[in-house]
Amino acid sequence: VTPTGFTTFQYQNLSRVKIWGLEAKGEWKFAPQWTLYGAAAYARGEDEATGAPINSVDPLTGVAGLRYSHFSGWSIEGRVKAVASKNRVSDATVFKPRGYATYDVLASYEINKHISINAGVFNIFDRSYFNAVDVAGVTKTNPNLELFRATGRSFAMNVTARF
C-alpha cells in the first residue's frame, strides 16, 4: 500500500512453471424439458525453479445445476458452485482463502431466435467469501484484505441480441 492509499499489483513471469490439471463436464437430459448438468476442475501448479506452489492456480471447483426449459422459449435453472479451500500457497505469509459454496437462480426468455432476456439472482444466501484468484499472493496481514472479499447477493438482467 502506498502513502496515497492505492495498492499496486505487479505480476512477474516465472522462468520454469509446470501446471497440470483435469476438467470434466457433462449434462443429462433425463426428461424432454429437464436437464441436469455439472462440471469440475482441478489444477496444480509449481515453480520448477523453487518447488513452491503457484498462487494463481485455482483450487478444486465444481458446479452442478438443474434446468427446466419450456417449449414456449422460457427456462429457469438453479445451480450451486462449490470451491475447496486454497491450501497450496508459495509461502506461509500468503493468505489462504477457505472453501465456499454459492447458490444461484437464473431465468431466461427467448423472444425469437435473435433476442433473449436473461435475469439472475447470484449468491442467494449472501455468502461471504474470497475468490482465490482475487487474493493470489496477498499476505494474510494485508490491511486491505477485506477489500478483496467477493460481493454478496447480487441481481443481474440483460438482453442478448444475435445477428
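Treat the numbers as computed from the prediction; the structure is a model and nothing was measured.
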When rounded to the nearest 0.5 Å, the distance separating CZ of Arg162 from OG of Ser116 is 4.0 Å
Using the rule that Ile, Leu, Val, Met, Phe, Trp and Tyr join whenever any side-chain heavy atoms are under 4.5 Å apart, tell me whether Tyr129 and Val135 fall into a single cluster. no
Intermediate values then yes/no, side chain to side chain contact (heavy atoms under 4.5 Å, CB included), Ile115 and Val159: CA-CA 7 Å; Ile115 299 173; Val159 175; 3.9 Å; yes
For residues Leu66 and Ile76: do they belong to one hydrophobic cluster (side chain heavy atoms under 4.5 Å, members Ile, Leu, Val, Met, Phe, Trp, Tyr)? yes
What pairs with Tyr100 under side chain to side chain donor-acceptor pair (under 3.5 Å), at least two apart in sequence or on another chain? Asn131
Nearest heavy-atom neighbours spanning Arg67 and Glu27: NH1-OE1, 4.4 Å
Nearest heavy atoms of Leu60 and Tyr42, plus distance in Å: CD1-CB, 3.9 Å
Should Ser75 and Ser108 count as side-chain neighbours, where that means a heavy-atom distance under 4.5 Å? yes
Cluster overlap Phe71 with Tyr109, hydrophobic side-chain contacts below 4.5 Å: no
Might you work through the side chain to side chain contact (heavy atoms under 4.5 Å, CB included) test for Lys140 and Val94, ending with a clear yes or no? CA-CA 6 Å; Lys140 51 183 147 183; Val94 175; over 6 Å; no
Check for me, please, whether Val63 and Trp28 land in the same ILVMFWY cluster - side-chain distances under 4.5 Å, paths through other members count. no
Could you tabulate the donor-acceptor pairs under 3.5 Å formed by side-chain atoms of residues 44-51, not counting sequence neighbours?
residue, atom, partner, partner atom, Å
Asp47, OD1, Ala49, N, 2.9
Asp47, OD2, Thr50, OG1, 3.4
Thr50, OG1, Ala52, N, 3.2

His70 and Trp74 aromatic ring geometry - parallel, tilted or perpendicular at 30°/60° bounds: parallel
More than 12 heavy atoms of other residues, nucleotides or ligands under 6.0 Å from CZ of Arg98: yes or no? no
Just by modelled atom types, is the Phe163 backbone N or O under 3.5 Å from a matching donor or acceptor in the His114 side chain? no
Can you confirm whether Phe130 sits close enough to Lys86 that some side-chain heavy atom of one is under 4.5 Å from a side-chain heavy atom of the other? no
Between Ser85 and Asn87, a side-chain donor and acceptor under 3.5 Å: no
Pairs in or reaching into residues 17-26: which pass side-chain hydrogen bond (donor to acceptor under 3.5 Å, both in side chains), with residues at least two apart or in two chains? none
I need the Glu77 CD to Leu106 CG distance, nearest 0.5 Å. 5.0 Å
Any idea which heavy atoms bring Asn55 and Val89 closest together, and the distance? OD1-CA, 3.3 Å
Could you identify which residues cluster with Leu14, counting Ile, Leu, Val, Met, Phe, Trp and Tyr as linked when any side-chain heavy atoms lie under 4.5 Å apart, either directly or through a chain of such contacts? Val17, Ile19, Ile54, Val57
Verify whether one side chain among Thr93 and Thr139 offers a donor that lies under 3.5 Å from an acceptor in the other. no
Do Asn142 and Phe95 come within less than 4.5 Å of each other through their side chains, counting heavy atoms only? no
Cluster link Trp34 to Tyr37, ILVMFWY, side chain under 4.5 Å: no
List the atom pairs, donor and acceptor, that lie under 3.5 Å between side-chain atoms in residues 117-127 and the rest of the protein, sequence neighbours left out.
residue, atom, partner, partner atom, Å
Asn118, ND2, Asn158, OD1, 2.7
Asn118, ND2, Thr160, OG1, 3.1
Asn123, OD1, Arg127, N, 2.9
Asn123, ND2, Arg127, O, 2.9
Asp126, OD1, Arg153, N, 2.9
Arg127, NH2, Gly99, O, 3.2

Taking salt bridge (charged side-chain N to carboxylate O under 4.0 Å, His left out) as the definition, give me every residue that meets it alongside Asp58, ordered by chain and number, with sequence neighbours left out. none
Work out which heavy atom in Pro97 is nearest to a heavy atom in Ala132; give both atom names and the distance. CG-CA, 3.9 Å
